[in-house]
Amino acid sequence: MTTLLVVLALVAGSVTVTTGFLAYRFNDLVGRDDVLAEAAALPPITAKPEYNSWVHTSKSSKAPVRPAAAAGSARNVLVLGVDTRKGWSEGQSRSDTIMLVHVDGTGSAASVVSIPRDSYVYIPPVAGKWAGGKTKVNAAYAWGGAPLVVQVVSHLTGLTIDNVVSVDFAGIRTITDVVGGIDVKIAKTVRDKRTGVTFKAGRHHLDGRMAEVYVRQRYGLPNGDFDRVKRQQQYLRALAQKVTSLGIAANPMKLDSFVSAIAGSLVVDSGMNLAATFRDLSGLRPDDLAFTTLPSSGFVRTAAGTANELSAAECSELFAALHTDTMADYFVANPAFSGTVGA
């Protein structure tokens, strides 16, 4: 899987695999949810996908024809950062962080694709809540939980979601503190009006509380949610690097604390075998992670406020690369975000 999200699990994978006992312990401690089965039980989406020009119709059949996927066992993991604040009802909870993590067929590289919360996408009808149509993607979680997000992202990308990982934002505090904080570099001084915190330009060491503020800030950033997405990607890379530098795998006590912290913060789909996943991804390292964001062509005014209009051509190129497991070639033409400097 990959980290605090799937990157968290990838980090965990390269660590926990050193001891079978801890790998299986993690498998027992983590939360479970039958989200994929629930997503499959939803009424199918009949609306035509907008960003799948790479899927064409055969002259001899009306069935869609897709380019052949590369051989191997590539997998797509949907990662949700869930905000469930105290006192909120189920309908108020939302997923402001949505990432699609593609692990290539060799298990030697992972591509993390962030889907900004305001991306303008099709969401099917939800009885008593939504008539169906395009709106901001983060509404899917509020209206139908993780199962609806799975269906919406699969329809958007044309990809099969193999696993789902959810983490509450509050878990970032625990995980960050367990590793002794993380180090980040900030490009320009910005102030978070919601919390009153000012992040000055330069290098910072963030404890759990400040890391949570850092990855959640949206207002006050030059590019709003796009900058927040980059901060989240930067956080994941910094966390992966910190875990590697600490040599946690060689320290049983640190390893136990780290595994317990992650397990207490994650909920995965019922069919995900974490011990096997960790074993399969044990070769991944921080430098094997590449980050990008769903391409946008501008903004559009909607009933839900200003949303991000997705670029049909660029999204189609990205989704085709994910399907054919050719993300290495994609990043040659579309350089990945380094994850070294945040807004």
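All values below come from the heavy atoms of this structure, side chains included, with hydrogens, waters and symmetry mates left out.
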Residue list, salt bridge (charged side-chain N to carboxylate O under 4.0 Å, His left out) with Arg228, at least two apart or on another chain: Asp96, Asp225
Measure from the side-chain N and O atoms of Lys134 to the backbone N and O of Ile123, and report whether any donor-acceptor pair falls under 3.5 Å. no
Would you check if the side chain of Ser270 reaches a backbone N or O of Asp34 as a donor-acceptor pair within less than 3.5 Å? yes
In the structure I gave you, are the side-chain heavy atoms of Val184 and Leu206 within less than 4.5 Å of one another anywhere? yes
Hey, are the side chains of Asp118 and Phe226 touching, using non-hydrogen atoms and a 4.5 Å cut-off? no
Between Gln217 and Arg231, is there a side-chain donor-acceptor contact under 3.5 Å, judged purely by atom types and distance? yes
Side chains of Val152 and Val137 in contact at under 4.5 Å (non-hydrogen atoms): yes
Same cluster or not: are Tyr141 and Ile45 linked, directly or through other Ile, Leu, Val, Met, Phe, Trp or Tyr residues, by side-chain heavy atoms under 4.5 angstrom apart? no
Within 45° of the six-membered ring axis of Phe337 and under 6.0 Å from that ring's centre, is NZ or CZ of Lys230 located there? yes
What are the two closest heavy atoms between Asp183 and Ala238, and how far apart are they? O-CB, 3.6 Å
Electrostatic pair Arg75-Asp325, nearest N-O below 4.0 angstrom: no
Apply side chain to side chain contact (heavy atoms under 4.5 Å, CB included) to the pair Val113 and Leu318, showing each step before the final yes or no. CA-CA 9 Å; Val113 181; Leu318 172 59; 3.9 Å; yes
Between Gln233 and Val229, is any pair of side-chain heavy atoms under 4.5 Å apart? yes
Residue pair Leu156 / Phe319: nearest heavy atoms and the distance that separates them: O-CE1, 3.4 Å
Exercise: identify the closest heavy-atom pair between Glu314 and Pro295: CB-CB, 3.5 Å
For Lys242 and Val179, indicate whether the former's side chain and the latter's backbone hold a donor-acceptor pair under 3.5 Å. yes
Stepwise side chain to side chain contact (heavy atoms under 4.5 Å, CB included) test for Asp207 and Thr176: CA-CA 6 Å; Asp207 61 11; Thr176 305; 5.8 Å; no
What pair of heavy atoms forms the shortest contact from Phe291 to Phe331, and how long is it? O-CE2, 4.1 Å
For the OG1 atom of Thr160 and the CG atom of Leu36, what is their distance to the nearest 0.5 Å? 10.5 Å
Within this structure, what is the CG-OH distance for the pair Asn308 and Tyr120, rounded to the nearest 0.5 Å? 12.0 Å
Mind checking whether Val149 and Val267 sit in one hydrophobic cluster, side chains of I, L, V, M, F, W, Y counted as touching below 4.5 Å? no
To check you understand the geometry: which heavy-atom pair defines the closest contact between Val190 and Gly220, and what is its length? CG1-O, 3.9 Å
Determine whether a donor-acceptor pair (N or O, by modelled atom type, separation under 3.5 Å) exists between the side chain of Thr189 and the backbone of Ala201. yes
Spatial distance of atom CG (Leu42) from atom CD (Gln151) [nearest 0.5 Å]: 5.0 Å
So, taking the atom named OH in Tyr51 and the one named OG1 in Thr157, what distance separates them when rounded to the nearest 0.5 Å? 12.5 Å
Under a 4.5 Å cut-off applied to non-hydrogen side-chain atoms, are Leu78 and Asn163 in contact? no
Could you grab the distance from atom NZ of Lys136 to atom OG1 of Thr302, nearest 0.5 Å is fine? 5.5 Å
Full working for side-chain hydrogen bond (donor to acceptor under 3.5 Å, both in side chains) between Gln232 and Ser114: CA-CA 9 Å; Gln232 292 168 352; Ser114 291; 5.5 Å; no
Has Ser154 got a side-chain atom pairing as donor or acceptor with Leu159's backbone, closer than 3.5 angstrom? yes
Carefully, step by step, assess Ile98 and Arg117 under the rule side chain to side chain contact (heavy atoms under 4.5 Å, CB included). CA-CA 7 Å; Ile98 303 176; Arg117 68 188 293 279; over 6 Å; no
Candidate pair Glu317 and Asn334, rule side-chain hydrogen bond (donor to acceptor under 3.5 Å, both in side chains), full reasoning: CA-CA 10 Å; Glu317 179 185 10; Asn334 306 274; 3.3 Å; yes
Could you tell me whether a side-chain N or O of His205 sits under 3.5 Å from a main-chain N or O of Gly180, the two making a donor and an acceptor? yes
Start with the C-alpha distance between Leu148 and Val126, add both sets of side-chain angles, then the distance that settles side chain to side chain contact (heavy atoms under 4.5 Å, CB included), and finish with yes or no. CA-CA 9 Å; Leu148 183 58; Val126 180; 3.8 Å; yes
I'd like to know if the side chain of Asp104 reaches the main chain of Gly107, judged simply by a donor and an acceptor atom lying under 3.5 Å from each other, with no hydrogens or angles considered. yes
Closest heavy-atom pair and its distance - Leu289, Arg237: O-NH2, 2.7 Å
Tell me if a side-chain donor or acceptor on Ser316 pairs with a main-chain N or O of Ala312 at a distance below 3.5 Å. yes
Asp192 and Thr195 side chains, donor-acceptor separation under 3.5 Å: yes
Distance-only, no hydrogens or angles: does the Asp269 side chain make a donor-acceptor pair with backbone N or O of Val164 under 3.5 Å? yes
A side-chain contact here means heavy atoms from C-beta on lying under 4.5 Å apart; do Lys188 and Phe199 qualify? no
Before we go on, tell me: are the rings of Tyr214 and Tyr235 under 6.0 Å apart, centre to centre? no
Going from CG on Asp227 to OH on Tyr219, what distance comes out if it is rounded to the nearest 0.5 angstrom? 14.0 Å
Taking the side chain as every heavy atom from C-beta outward, state whether Leu294 and Pro116 have any pair of such atoms under 4.5 Å apart. yes
Whether the side chain of Thr326 engages the backbone of Asp329 through a donor-acceptor N/O pair (distance < 3.5 Å, no angle test) should be reported. no
Tell me yes or no: between the side chains of Glu309 and Ser296, is some donor less than 3.5 Å from an acceptor? no
For the residue pair Tyr122 and His155, categorise the inter-ring angle as parallel (less than 30°), tilted (30 to 60°) or perpendicular (more than 60°). tilted
Does any part of the side chain of Ile186, heavy atoms only, come nearer than 4.5 Å to the side chain of His204, both counted from C-beta? yes
